[in-house]
Amino acid sequence: MSTLPHRVTLVDVGPRDGLQNEKQPVATEHKARLVSMLQDAGLKNIEVTSFVSPKWVPQMGDNTAVMAALERHPGVRYSVLTPNMKGLEAALPTKPDEIVVFGAASEAFSQKNINCSVAESIERFAPVVEAAHAAGLKVRGALSCALGCPYEGEISPDQVERVVQLMKDIGVDHLGVADTIGVGTPRRVQAAMERALKHYPLHEVSGHFHDTYGQALSNIYACLEMGIHTFDASVAGLGGCPYAKGATGNVATEDVVFLLNGLGISTGIDLDKLVDAGAYISEQLGRPPVSRVARALLAKRQG
Ligand SMILES: CC(C)(COP(=O)([O-])OP(=O)([O-])OC[C@H]1O[C@@H](n2cnc3c(N)ncnc32)[C@H](O)[C@@H]1OP(=O)([O-])[O-])[C@@H](O)C(=O)NCCC(=O)NCCSC(=O)C[C@@](C)(O)CC(=O)[O-]
């Protein structure tokens with residue numbers, strides 16, 4: 001039996017990835033309150049918003065206001081997405097602790113998501129990384145469609161490694177392997193992770209799994225077996241497109257914490273308070289949490 005890590009770091013991406021697809025505006029105060037509740041639950045890493053075009057992602061148009069409304073806790077790292085210099089320049093005055101550049105293993109997804117080829121995206125990211133480092137910020141790189149692409153189908157480990165290498169070359173500090181459409185299964189995830197680990201140390205590689213096909217927890221376990229100990233997750237399982245049949249969000253943070261608690265792996269997160277945070281934002285959105293653990297615990301509370 002393999003030895004699993006003793007401690008795992010979870011990055012809650014709910015305020016950003018979770019809410020970016022919501023069709024109805026979510027009030028800035030609810031977003032800030034969600035961040036507060038997540039940090040009260042013990043989350044030390046929270047992806048708050050993104051500095052992207054409001055024409056592309058209207059829901060993140062209040063990025064500066066959300067950052068201003070945060071009640072920051074010492075020891076909590078607040079990250080934001082910045083796809084280009086314009087985004088970074090807007091983000092810097094709001095004082096994030098780290099920034100995220102986001103590329104893709106698939107050419108088609110790169111075009112659809114950020115309107116440029118993979119090579120062009122790297123050219124755009126290079127000055128962002130340099131300026132972020134000059135400002136003393138850590139840079140995480142998200143690699144979308146690392147297991148599959150909605151336009152190109154299956155993505156090979158070679159395609160993953162090509163972009164991992166490009167990210168490394170421009171100085172990206174951390175590499176997040178993202179299964180954007182949730183089609184990965186454990187052995188394929190391990191093969192993709194192996195390529196990331198050829199260029200980044202264990203503590204600078206993370207997994208970002210969407211649960212569309214119900215594989216996310218298995219994939220996280222497969223990563224734990226490799227010693228990977230940083231994962232993105234989204235409170236209440238927020239995310240995905242509510243109007244696209246079958247689409248779902250990120251793996252729910254509550255579900256990941258329940259799994260890790262069961263494995264005796266510490267996260268520093270209070271599951272009850274996390275469930276409260278998920279219930280709060282779900283109430284604002286007018287629907288129950290997607291997290292199965294949250295649903296079970298909320299039902300148990302009601303007797
Ligand atoms: C990247 C761009 C901006 C390129 O968009 P573009 O149209 O190619 O950019 P451009 O430089 O030609 O500028 C066009 C207009 O956008 C403005 N603009 C340009 N940059 C910015 C900026 N930073 N902030 C605000 N405005 C900006 C710019 O000022 C101009 O405004 P106009 O003159 O037309 O009024 C666009 O494609 C975009 O915003 N895309 C949104 C991408 C996005 O947010 N996707 C979701 C996040 S990624 C994700 O969810 C995946 C992840 C990370 O979770 C992992 C996974 O699961 O896969």
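First listed ligand is number 1; within each ligand, the first listed atom is number 1.
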> Quick one: which ligand 1 atoms are inside 4.0 Å of a heavy atom on H210?
57 (O)
> Is it true that E22 and K31 make a salt bridge, defined as a side-chain N closer than 4.0 Å to a carboxylate O?
no
> Show me which atoms of ligand 1 lie under 4.0 Å from any heavy atom of V57.
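With V57 as reference, the close atoms of ligand 1 come out as 41 (C), 43 (C), 44 (O).
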> Should E204 and R140 count as an ion pair when the cut-off is N to O under 4.0 Å?
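No.
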> Indicate yes or no: does K168 engage E161 in a salt bridge with an N to O separation below 4.0 Å.
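No.
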> Quick check: do E254 and V235 have side-chain heavy atoms less than 4.5 Å from each other?
yes
> Output the list of atoms in ligand 1 that are nearer than 4.0 Å to some heavy atom of A178, sorted by atom number.
55 (C), 56 (C), 57 (O), 58 (O)
> Checking a contact table here: which protein heavy atom is nearest atom 51 (C) of ligand 1, and how many Å away?
S144 OG, 3.6 Å
> With Q284 as reference, evaluate H30, E29, R33 under the side-chain hydrogen bond (donor to acceptor under 3.5 Å, both in side chains) test and give the passing residue.
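Of the listed options, the one satisfying the test is H30.
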> Note the single closest protein heavy atom to atom 11 (O) of ligand 1, along with its residue, its atom name and the distance in Å.
N84 ND2, 4.8 Å
> Strictly below 4.0 Å, N to O, side chains only: are E107 and R162 in salt-bridge contact?
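Looking at E107 and R162, the cut-off is met.
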> For ligand 1, which atoms sit closer than 4.0 Å to a heavy atom of N113?
37 (O), 40 (N), 41 (C), 42 (C), 43 (C), 45 (N), 46 (C), 48 (S)
> R16 near ligand 1, heavy-atom distance under 4.0 Å?
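Judged by the 4.0 Å heavy-atom criterion, R16 does count as contacting ligand 1.
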